[in-house]
2 protein chains.
Amino acid sequence: MPKHSGLTSKGAPFRVARQSRIFQDVVDQIQEAILSGEFQRGDMLPSEREMREIFHVSRGTLREALRVLEQKGLIEIRLGVNGGAMVTAAIAETMTESLGLMLRFRKISLDHLQEFREDIEGIVTAKAADRAAEADVAVLRSLLAEAEAHVAGGISEWRAFLNVDKKFHQAVARITGNPIYIFIHNMVHDNIQPYYDTFLPPDQERLQQNFRDLKEILAAVESGDADQAGDLARKHIWRFNEYMTKRRQEPQG
Amino acid sequence: MPKHSGLTSKGAPFRVARQSRIFQDVVDQIQEAILSGEFQRGDMLPSEREMREIFHVSRGTLREALRVLEQKGLIEIRLGVNGGAMVTAAIAETMTESLGLMLRFRKISLDHLQEFREDIEGIVTAKAADRAAEADVAVLRSLLAEAEAHVAGGISEWRAFLNVDKKFHQAVARITGNPIYIFIHNMVHDNIQPYYDTFLPPDQERLQQNFRDLKEILAAVESGDADQAGDLARKHIWRFNEYMTKRRQEPQG
DNA sequence: CTGTTAAAATGGTTGGATCATTATACGTCG
DNA sequence: CGACGTATAATGATCCAACCATTTTAACAG
């Protein structure tokens with residue numbers, strides 16, 4: 001059971017009524033202050049010794065509250081003079097970490113994640129094809145040119161190419177205009193990437209294949225053909241997944 | 001920046017090298033013990049006073065570590081004798097909470113979430129139509145019958161109907177065989193539900209419409225028509241979103 | 001002006017004491 | 001004997017006061 005969801009879910013009119021847990025009250029108050037905009041991203045919370053007096057709690061209790069807020073991705077704590085708790089908004093990062101935990105916990109497998117990634121990439125790309133303005137397409141063209149340069153450089157620029165590839169897909173996600181797709185896309189990508197790094201050795205043929213994929217995807221987006229753009233994106237991811245899966249099972253043989 | 005992702009992402013071979021933070025070391029050790037299976041779900045960690053001696057840290061430091069693990073969804077702490085830190089695996093719940101934070105933080109809007117939900121529901125249902133075995137269909141049929149009974153009961157059973165509706169969609173997600181879809185589906189649902197409760201008053205006509213939707217979706221799944229199943233599911237969600245959006249803007253005038 | 005050093009602010013850690021909660025064992029009374 | 005209250009002990013929650021470690025800033029020496 002989550003300690004408290006954003007709104008009282010389930011229609012149940014009662015809360016768990018757990019008194020105790022003073023630090024939770026501190027967490028709630030600070031969280032509200034942040035969410036209400038009273039503290040903006042980048043603002044510093046008062047020092048621990050000040051807040052200790054404000055809330056009338058011991059420093060230990062206050063620090064437990066700060067640990068929770070830090071883990072939620074709402075604040076970041078730095079050391080030294082002028083240090084302290086700074087408001088951040090790294091919620092997406094904590095979700096990425098949670099997905100990583102699920103993977104390591106075997107609640108989901110890499111295969112599952114790969115399947116999901118195909119779908120997300122397909123949907124996102126299809127939507128992008130529907131909604132892309134000329135300026136958006138220009139961004140993609142620019143990234144494609146960058147990628148082409150790295151292809152010319154051969155496998156020595158493999159990593160640089162992958163970096164541009166990531167930027168390309170991020171740019172596509174951004175075109176949808178819906179930040180959830182950007183979040184989900186990054187979350188999945190960041191958790192799959194380490195496996196690519198481990199099991200996908202640099203390879204000239206795959207470098208070129210990848211580039212051709214991007215080129216075709218861009219063409220489909222340009223022409224506004226959502227269905228084809230989606231299909232191409234799915235196949236693009238699928239190819240990589242397929243190859244990685246093979247490589248992943250070879251070594252263990 | 002996330003304190004540490006599941007694997008060293010980005011290919012950067014270095015860590016941030018922050019010494020300090022003894023509690024982080026404790027967090028890492030306990031987390032590893034849990035992820036490695038040394039502690040299974042339901043197991044109890046030693047008491048604070050025991051762990052204080054094991055790790056050679058003060059109780060305050062240890063408690064900060066436990067707070068972090070609790071917030072991560074890895075443990076749950078209960079009070080009283082026989083209380084203590086119990087290993088749980090409520091990672092999905094923390095992600096649901098994080099999505100709620102994003103909503104409240106205005107990093108994403110309800111409209112964005114609704115769009116995403118249409119896509120997820122469409123994909124999931126299409127996949128279910130592809131993969132449903134006879135036993136799976138039987139479960140859906142049973143749920144549909146349950147729903148029908150509540151429809152007959154009229155709007156007084158509105159909430160009961162919604163409950164079955166949720167179960168139906170969850171069952172569909174389960175048919176995909178991919179736990180990510182279940183997670184994502186629940187995460188989105190649980191964050192949207194409160195808005196439905198607030199802005200969608202019970203209504204006989206909508207109750208029947210909803211039931212008809214489920215019936216059609218089941219039929220599509222039964223016949224294995226993935227495309228139609230996906231379309232129906234999308235439209236099903238879309239209709240509700242559309243209506244809610246209208247109602248949501250009326251009161252504000 | 002530059003490099004070094006001292007001071008101060010701030011988070012991090014410690015130890016010990018006490019309070020609050022709760023399962024369990026015990027005992028009392030019907 | 002059984003139901004109900006009560007004492008007990010284990011465990012987390014909180015507090016307090018001191019001290020350590022890190023880092024910025026200012027003062028200072030050359």
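Reminder, nothing fancy here: chain letters follow the sequence lines and each chain counts from 1.
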Under 3.5 Å, is there any donor-acceptor pair linking the side chain of [X] to the base of [N]?
{"X": "A:R21", "N": "D:dG12", "value": "no"}
{"X": "B:R78", "N": "D:dG12", "value": "no"}
{"X": "A:R63", "N": "C:dG11", "value": "no"}

Starting at [atom1] of [X] and ending at [atom2] of [N], how long is that distance when rounded to a whole Å?
{"X": "B:M86", "N": "D:dT11", "atom1": "CE", "atom2": "C1'", "result": "15 Å"}
{"X": "A:Q24", "N": "D:dT14", "atom1": "CD", "atom2": "P", "result": "10 Å"}
{"X": "B:R52", "N": "D:dA13", "atom1": "CZ", "atom2": "P", "result": "17 Å"}
{"X": "A:I22", "N": "D:dG12", "atom1": "CD1", "atom2": "P", "result": "18 Å"}
{"X": "A:E48", "N": "C:dA9", "atom1": "CD", "atom2": "P", "result": "16 Å"}
{"X": "A:H56", "N": "D:dC15", "atom1": "NE2", "atom2": "P", "result": "11 Å"}
{"X": "B:D25", "N": "C:dT13", "atom1": "CG", "atom2": "P", "result": "10 Å"}
{"X": "B:M51", "N": "C:dG15", "atom1": "CE", "atom2": "P", "result": "17 Å"}

* Asked: For B:K166 and B:Q193, does a side-chain donor sit closer than 3.5 Å to a side-chain acceptor?
  ->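 The criterion, which ignores hydrogens and geometry beyond distance, is not satisfied for B:Q193 and B:K166.
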[X]/[Y] ion pair, N-O < 4.0 Å:
{"X": "B:E32", "Y": "A:R104", "answer": "yes"}
{"X": "A:R67", "Y": "A:E64", "answer": "no"}
{"X": "A:E118", "Y": "B:K127", "answer": "no"}

As a test of reading the structure: which of [options] is closest to the side chain of [X], going by heavy atoms?
{"X": "A:V57", "options": "D:dC15, C:dT10, D:dA13", "answer": "D:dC15"}
{"X": "B:T61", "options": "C:dG11, C:dT14, C:dA23", "answer": "C:dT14"}
{"X": "A:N82", "options": "D:dC15, D:dT25, C:dA23", "answer": "D:dT25"}
{"X": "B:F23", "options": "C:dT13, C:dT22, C:dG11", "answer": "C:dT13"}
{"X": "B:S58", "options": "D:dT14, C:dT14, D:dG12", "answer": "C:dT14"}
{"X": "B:R59", "options": "D:dC15, C:dA17, C:dT14", "answer": "C:dA17"}
{"X": "A:V81", "options": "D:dT24, C:dT14, C:dG11", "answer": "D:dT24"}

* Taking all atoms of both residues into account, what is the closest heavy-atom pair of A:I75 and A:L66, and its distance? ->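 Of all heavy-atom pairs spanning A:I75 and A:L66, the closest is CD1-O, 3.6 Å.
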* Heavy atoms only: give me the nearest A:V164-A:L143 pair and the separation to one decimal. =>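 Scanning both residues, the minimum pair turns out to be CG1-O, 3.3 Å.
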* To do: Could you check whether A:R67 gets within reach of a base, just the sugar-phosphate, or nothing at all, counting any heavy atom under 4.0 Å?
  =>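 Sugar-phosphate contact only.
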* Give A:G60 one of three labels, base, sugar-phosphate or nothing, depending on what nucleic acid heavy atoms sit under 4.0 Å from its own. =>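 Touches nothing.
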* Would you kindly compare A:R49 and B:A85 by the position of their nearest DNA chain D nucleotide and give the one closer to the 5′ end? =>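 Result: B:A85.
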